[in-house]
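Notes for the one structure printed next.
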Amino acid sequence: MKLKKLRSPREVSAEINIKRVEMMELARVYGMNGEPTVRSSQELDLLINEYLILQHHLAVKVKVKVNVKESLVIGHDCG
């Protein structure tokens, strides 16, 4: 089983912008309810979800690092 490489939020954001333009063009050609437009919209939804998950994980990671640093400082002051 091959593991999927995690992308950065910046990479996903760039892909979101490309997909958004693609979807708007498909909507112009096929209409809002056209099969290609709906499929592109679903793909855009997945990208946005991926972006939000990546942002959440980064926020948690930063919070954990801050808490660890605060713990180290507190521990140092006690001794």
Side-chain angles (χ1 to χ4, degrees):
M1 182 172 151
K2 196 174 191 178
L3 293 177
K4 184 178 179 182
K5 178 188 174 274
L6 288 179
R7 300 185 294 172
S8 73
R10 185 176 295 198
E11 291 171 312
V12 177
S13 179
E15 194 171 338
I16 286 170
N17 289 326
I18 292 167
K19 183 59 71 176
R20 185 177 288 134
V21 170
E22 176 188 300
M23 187 187 73
M24 290 187 308
E25 179 62 21
L26 290 168
R28 188 183 69 72
V29 173
Y30 297 101
M32 292 296 289
N33 295 321
E35 174 77 25
T37 307
V38 171
R39 191 175 329 111
S40 183
S41 176
Q42 291 169 340
E43 292 167 0
L44 179 58
D45 288 344
L46 291 173
L47 288 169
I48 292 169
N49 288 337
E50 180 181 355
Y51 177 82
L52 292 173
I53 289 167
L54 288 170
Q55 287 294 94
H56 173 75
H57 284 283
L58 284 176
V60 168
K61 187 176 179 182
V62 167
K63 187 175 181 178
V64 168
K65 282 185 179 181
V66 168
N67 287 340
V68 167
K69 285 182 181 180
E70 288 174 357
S71 296
L72 291 174
V73 170
I74 293 168
H76 180 69
D77 289 344
C78 294

### Task
Calculate, to the nearest 0.5 Å, the distance between atoms NZ and CG belonging to K19 and L26 respectively.
8.0 Å
#### Entry: Value rounded to 0.5 Å, distance of CE in M32 from OG in S41
7.5 Å
### Message
How close do T37 and G31 get, counting heavy atoms only, and between which atoms?
### Response
OG1-O, 2.9 Å
### Message
As an exercise, state the distance from CG of L44 to CD1 of I18, rounded to the nearest 0.5 Å.
### Response
12.0 Å
### Message
Quick check for you: to the nearest 0.5 Å, what is the distance between H57 atom NE2 and Q55 atom CD?
### Response
11.0 Å
### Query
What residues, two or more places apart in sequence or in another chain, satisfy salt bridge (Lys or Arg N to Asp or Glu O under 4.0 Å) together with E11?
none
#### Entry: Exercise: identify the closest heavy-atom pair between L58 and P9
CD1-CG, 3.4 Å
### Query
From R20 CZ over to L47 CG, what is the distance, rounded to the nearest 0.5 angstrom?
10.0 Å
#### Entry: Path from L52 to V12 over hydrophobic side-chain contacts below 4.5 Å
yes
### Task
Evaluate the side-chain proximity of E50 to I53: yes if any heavy-atom separation is below 4.5 Å, no if none is.
no
### With sequence neighbours excluded, residues passing side chain to side chain contact (heavy atoms under 4.5 Å, CB included) with R39
E35, E43
### Query
If two hydrophobic side chains count as joined below 4.5 Å and joins carry through other members, does M23 share a cluster with V38?
no
